[in-house]
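Atoms considered below: every heavy atom in the structure, side chains included; atoms not considered: hydrogens, waters and symmetry mates. Remember, it's 1-based here, ligands and their atoms both numbered in the order they're listed.
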Amino acid sequence: MTDENLAAPSGTFRIGGDLPVVRLGYGAMQLTGEGVWGWPADRDGAIAVLRRAVEIGVTFFDTADSYGPTVSEELIAEALRPYADDVVIATKAGLTRTGPGEWVPVGHPAYLRQQCELSLRRLGVETIDLFQLHRIDDAYPLADQVGELAKLRDEGKVRHIGLSEVTIGQTQEAREVTEIATVQNMFNLVKRDAEPLLDYCEQEGIGFIPWFPLATGELSQADGPLAQAAADHGAEPSQLALAWLLRRSPVMLPIPGTKSVAHLESNTAAAGITLSDDEYATLDAVR
Ligand SMILES: NC(=O)c1ccc[n+]([C@@H]2O[C@H](COP(=O)([O-])OP(=O)(O)OC[C@H]3O[C@@H](n4cnc5c(N)ncnc54)[C@H](OP(=O)(O)O)[C@@H]3O)[C@@H](O)[C@H]2O)c1
């Protein structure tokens with residue numbers, strides 16, 4: 001580990017049992033315009049954030065075809081190609097965009113296949129490391145949506161399959177169709193509805209990717225719910241929110257998002273924070 005490998009202390013998780021990622025990753029949705037639409041105001045800044053993430057040891061990047069749309073994937077390719085051997089890109093399909101802030105599920109198998117092909121092209125890879133169904137579309141059978149992803153994996157276009165915003169029942173139903181390597185649901189210190197799903201994932205060895213790990217910044221605020229604990233620990237509030245997630249479960253793969261190199265460095269340094277049992281309990285009581 002070099003001095004700059006800030007992410008490494010978070011440990012490693014093997015997605016699908018064979019694809020190692022450093023557990024504290026990065027979510028690339030923020031690298032877009034207002035309403036996750038169009039290009040970010042500071043395009044060079046976005047490239048700098050992605051490159052700095054790799055420099056400080058982040059290996060797991062989460063994106064989606066719908067971020068921008070296409071913008072986040074394009075920036076990842078521009079910033080990170082040629083990809084370092086240990087960089088793992090997770091993308092998603094299944095939500096289409098009809099305008100800023102609008103997200104409409106589309107789970108037609110042919111659409112999912114098309115979006116996989118387009119993500120392969122934009123990311124400049126032969127295989128997508130982790131391809132996640134962004135939302136289940138009630139208009140089509142779950143087995144058809146997940147089944148199409150399984151076909152893409154059998155064709156070598158996808159290495160592992162993940163789900164997003166699902167229940168335990170839907171995860172079990174999908175697992176009857178094919179192997180599911182990860183689940184991505186909203187989860188953070190103050191939003192824990194997905195706790196039973198997290199416990200299920202831990203029991204089954206499925207990676208759990210909590211989206212909005214910082215409650216979209218609420219947990220980063222100097223006057224937010226973690227202010228006192230942060231002062232007591234000599235850490236930033238967002239660092240404690242991430243340290244709590246990392247300790248909560250060994251299958252937890254947080255993907256904090258930011259447009260700022262300084263925030264990226266601070267968030268990633270959370271990997272090195274060890275919470276005592278008392279500190280963990282104090283944080284756990286914040287809801
Ligand atoms: N599966 C899904 O349906 C789904 C839905 C939403 C998101 N996601 C994924 O989850 C990832 C994370 O979500 P997110 O980025 O929206 O929310 P987040 O990580 O909870 O919070 C990001 C917000 O917190 C601020 N922030 C980050 N670090 C900070 C720090 N150290 N100090 C102060 N403020 C800080 C950011 O502002 P600055 O830019 O100013 O730092 C940004 O406004 C996304 O990038 C995406 O990959 C998935």
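- Contacts classified as ring pair (Phe, Tyr, Trp, His ring centres under 6.0 Å) and involving residues 130-179 (residues at least two apart or in different chains) are given here: Tyr67-His134, His108-Tyr140.
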Could you give the side-chain donor-acceptor pairs of residues 207-230 under 3.5 Å, partners two or more places apart or in another chain?
from   : atom 1 : to     : atom 2 : distance (Å)
Trp211 : NE1    : Glu165 : OE2    : 3.0
Gln228 : NE2    : Asp232 : OD1    : 2.9

* I would like to know whether Asp18 and Arg159 meet salt bridge (charged side-chain N to carboxylate O under 4.0 Å, His left out); could you show each step before the answer? => CA-CA 10 Å; Asp18 66 6; Arg159 181 154 169 190; 3.5 Å; yes
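- Checked against side chain to side chain donor-acceptor pair (under 3.5 Å), Asp44 has no partners two or more places apart in sequence or in another chain.
- No donor-acceptor distance shorter than 3.5 angstrom exists from the side chain of Ser266 to the backbone of Ala262, with no hydrogens or angles considered.
- For the salt bridge (charged side-chain N to carboxylate O under 4.0 Å, His left out) test with Lys157, the passing option among Glu148, Glu126, Glu117 is Glu117; the others fail.
- Every protein residue with a heavy atom nearer than 4.0 Å to ligand 1 is included here: Gly27, Ala28, Met29, Gln30, Asp62, Tyr67, Lys92, His134, Arg135, Ser164, Gln184, Trp211, Phe212, Pro213, Leu214, Ala215, Thr216, Gly217, Ser220, Ser238, Ile255, Pro256, Gly257, Thr258, Lys259, His263, Asn267.
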